[in-house]
Amino acid sequence: MGLFNARRSHYVDTDILVVGGGFAGCGATYEARYWGRDLKITLVEKANIERSGAVAHGLSAINCYMGMRWGENQPDDFVRYARGDLMGLVREDLLFDIARHVDATVHKFEEWGLPIIQNPETGHYQREGKWQIMIHGESYKPIIAEAARKSATQVFNHIMVTHLLMDSARPNRVAGAVGFSVRDGDLYVFRAKAVIVAAGGGSHIFRPRSIGEGAGRTWYAPWSSASAYGLLMEAGAQMIQMENRIVLARFKDGYGPVGAWFLLLKAFATNAYGEDYEAAHLEKIKAMVGKYAETTPMPTCLRNHAMLEEIKAGRGPIYMHTQEVLDTKEKEEIGWEDFLDMTVDQAVVWASQNIDPKEQPSELITSEPYVMGSHATCSGAWASGPEDCAPADYQWGYNRMTTVEGLFGAGDTIGGSAHKFSSGSFTEGRIAGKSAVKYVRDAARNPPDVDEAQIKRIEAAVFRPLEHYRIYRNEIVAGSVSPSYITPLQGLQRLEKLMDEYAGGISTFYVTSEPMLKRGLELMRMLREDLDQLGAEDLHQLQRAWELRHRALTAEAVLRHTLYRPETRWPGYYYRADHPQLDDREWHVFTASQYDARADEWHMAKLPVYHIIT
Amino acid sequence: MPTFVYMTRCDGCGQCVDICPSDIMHIDRVYRRAYNIEPNFCWECYSCVKACPQHAIDVRGYADFAPLNHKVTVLRDEAKGTVSWKIRYRDGRVKEFTFPIRTTPWGSIKPPTDYRAPDAAALDSPMLAHEPEALMIDTLPSLPPLAAAPG
Ligand SMILES: Cc1cc2nc3c(=O)[nH]c(=O)nc-3n(C[C@H](O)[C@H](O)[C@H](O)COP(=O)(O)OP(=O)(O)OC[C@H]3O[C@@H](n4cnc5c(N)ncnc54)[C@H](O)[C@@H]3O)c2cc1C
Ligand code: SF4
Ligand code: SF4
């Protein structure tokens, strides 16, 4: 294509490649430099690491801090908490490993200048709840980005990574990654001895509640494109718990967080008639999930379930009674900062709808489902565990290496270890960073090699949407309706609709079943075929095209894992109408999938859940 | 709530284009000024608003749920280490808040290479950089070997 031969290819050779400059990626870069003083460490990011990722606004709390220095919590307490919240199914070795290191990360954040709020009486960090501490977090991401810039040999911003590169001699070994510049369209080929993928979780997999412009106000960032999963699955890495999608009960429309309100300010939620509805549903919940209903605190999904039952019974809207708790100026500031540091739109909802939280309550609602591994759910890669405490079945490589040799993950990327949040994702990045240095040292003798044919094949695929648009654009007079291509947004809306309707989105109150999931898979197959006919008008659209491909592969994994687990393990996240009970006898296991891209086949399996913490 | 750019204030410097995590602030070829090319992918993270030297960017609530005539404006001052917000309600009420953003100078983080290099053996220990001191407890917790047997 004449138009594109002006495109240049840049070949970058590096010892360690970090894909994604968010919390986990910055942690991986910092730690890899500490242990690998002489190594070349390259960080690649699709936007600008100063503000990229889920922490673009900042945050108002660090949600994972033990406080071992003050004897507040021990790592095993944290494992029990996460295990309870996930109805028994977590990688306890990975969680223990994060929990034992996370305090050191938080103390470094404070040393670097992150303002952590002090409790005036105790002089300890101000707790929000048992696990969370309050921060003035507007600049949280720029601070950790500074640490990453001071560690990386080179940071490449504005490079959208589309594929991982594999070793031509050994098919199950990673050899780097390929991407394109969203500024000038050049191709970038990174050849690396070890790759750490920290490209974050997935929003816009299910149809969002808000429409039109409001589609930008998803709870997880609209740029959380599930690339961590899309990149890994295409490379054949085994994934777990992809059915374990999260649904959030948040302030309606603005998706403001509720943690500080419930835990710190002690606000409470009621139905439209001022009744505390949770207790009323406890018996029915026990009938569904048995002993898990007695877990304290009540698991997140079960609290969602109670709220959903109220709304379905017509006793909504559900209200958070902010007016009952803002009795001092200081508490009012906490309430407002909670949003201004993290979800500014909630402040805009109040301003635009004349809601003063001191005078009237605000509505809560459950969101559409999202797919991630660092917040309160466990979707992500099956990773080798810490050498000193993981059961033998959980160890085959280096700590946080996936089932693909040389390919590491951290943050949303890694499955089975929810509740790590920002501090835990940075910490898991550090764990992966150190492991990658060890791997590079041990594998120094035979670095991977990449054949030109693989690069040429990938290059053709990367830019096909641009060329496809150029060819077929002339078929029509103007406008967006073409018989020969779909735009990335059209493809995304088709994906979101089929996931909403068949995989348990908001339109079915999160209910699905085998027949629905199978119909969803039929529609998904045709959509994935049509993705070869995506048309991209410009480089921005080309980025959206590849975000859609990563989301579509992730969505198919969600469908297949949801089908594979014939039980309702997390009522309030989703329901299998055909298997409404929790089934611990058969299904106290992880669901696993391995995608064979060449044959376009999925291999499902069960993996053992070991309880190493009593 | 997507962003918009005031024609008279923007000089086309491109800082908003560089910082946006969604790649949706772009320079208009005709006017040589920035604008939001994809409002339905704007998370209202305010990164562009904070980065704009001309204060040329503002935010209007998402059309599908935010009535007009409100303003939430921000001034982020790295030198003073604060961020100030001004919220103007639709009915005219105003609330203002200022919060600290950093306790140390920008650029002051000590790079990992400024610390004494760890010895090679430490690469095989479970400890991470700066541990155990940074944990502020004596030793890194580990699990008793028995507990590590498959459950
Ligand atoms: C609304 C919300 C509220 C939260 N509240 C809290 C809280 O109060 N406290 C707390 O501790 N944590 C909180 N979290 C969780 C925290 O933000 C995440 O746990 C953390 O950001 C996960 O880190 P990560 O590195 O896995 O993903 P991210 O930080 O999202 O980083 C992913 C990075 O990869 C980049 N990327 C993605 N795809 C590609 C690609 N194809 N090529 C190149 N680069 C790519 C992205 O641009 C981004 O920079 C919250 C998150 C959200 C969304
Ligand atoms: S940063 Fe401000 S002045 Fe510069 S291009 Fe963007 S809107 Fe215009
Ligand atoms: S508010 Fe955030 S997402 Fe929206 S245009 Fe500005 S930087 Fe981009």
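What's counted below: heavy atoms across the whole structure, side chains too, no hydrogens, waters or symmetry copies. Letters A, B, ... mirror the listed sequences (proteins, then strands); counts begin at 1.
By the 4.0 Å N-to-carboxylate-O rule, B:Lys50 lies close enough to A:Glu138 to be salt-bridged with it. B:Arg93 and A:Glu359 are joined by a salt bridge, as a carboxylate oxygen and a charged side-chain nitrogen come within less than 4.0 angstrom of each other. A salt bridge does not link B:Glu131 with A:Arg100: none of the charged nitrogens is closer than 4.0 Å to a carboxylate oxygen. Taking 4.0 Å as the cut-off between side-chain N and carboxylate O, B:Lys95 and A:Glu333 do not count as a salt-bridged pair.
When B:Pro126, B:Cys20, B:Ala63 are compared by the number of non-hydrogen pairs under 4.5 Å with chain A, B:Pro126 comes out ahead. Most heavy-atom pairs under 4.5 Å with chain B: of the set A:Glu337, A:Gln353, A:Arg183, this distinction falls to A:Glu337. Between chain B and the options A:Ser139, A:Ala47, A:Ala215, the largest number of non-hydrogen pairs under 4.5 Å is found for A:Ser139.
Considering only heavy atoms from C-beta on, B:Tyr62 stays 4.5 Å or farther from A:Ser210 through its side chain. Between B:Arg60 and A:Glu213 the shortest side-chain heavy-atom distance falls below 4.5 Å. At least one side-chain heavy atom of B:Ile109 sits less than 4.5 Å from a side-chain heavy atom of A:Ile143.
Considering CZ of A:Arg430 and CG of B:Leu128, their distance stands at 5.0 Å, rounded to 0.5 Å. With rounding to the nearest 0.5 angstrom, the CD atom of A:Glu50 is 9.5 Å from the CG atom of B:Asp18. Distance check: B:Tyr89 OH to A:Asn354 CG gives 8.0 Å after rounding to the nearest 0.5 Å. Atom OG of residue B:Ser22 and atom CD of residue A:Gln543 lie 7.5 Å apart, to the nearest 0.5 angstrom.
For B:Asn69, no part lies near chain A; criterion is any non-hydrogen pair under 4.5 Å. Heavy atoms of A:Ile144 lying under 4.5 Å from chain B are absent altogether. No part of A:Trp70 comes within reach of chain B, as not one of its non-hydrogen atoms sits under 4.5 angstrom from that chain. Interface residue A:Glu31: only side-chain heavy atoms are found under 4.5 Å from chain B. Looking at A:Ile431, the atoms closer than 4.5 Å to chain B (heavy atoms on both sides) sit in the backbone and in the side chain alike. For a residue to count as touching a neighbouring chain, one of its non-hydrogen atoms must lie under 4.5 Å from one of that chain's; by this rule A:Phe96 touches chain B with the side chain only.
In summary, the aromatic rings of B:His70 and A:Trp350 are positioned with their centroids too far apart to meet the 6.0 Å limit.
Taking the centre and axis of the six-membered ring of B:Phe41, the NZ or CZ atom of A:Arg544 falls inside the cone set by 45° and 6.0 Å.
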Do A:Trp223 and B:Asp23 pass the side chain to side chain contact (heavy atoms under 4.5 Å, CB included) test, and can you show the C-alpha distance, the side-chain angles, and the key distance before you say yes or no?
-> CA-CA 9 Å; A:Trp223 46 81; B:Asp23 185 48; over 6 Å; no

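Of the N and O atoms on the side chains of B:Glu38 and A:His540, at least one donor lies less than 3.5 Å from an acceptor on the other residue.
Between A:His136 and B:Phe99, the ring planes lie parallel to each other; the angle is under 30°, not in the 30° to 60° tilted range.
In this structure, A:Ser352 contributes its side chain and B:Ala66 its backbone to no donor-acceptor pair below 3.5 Å.
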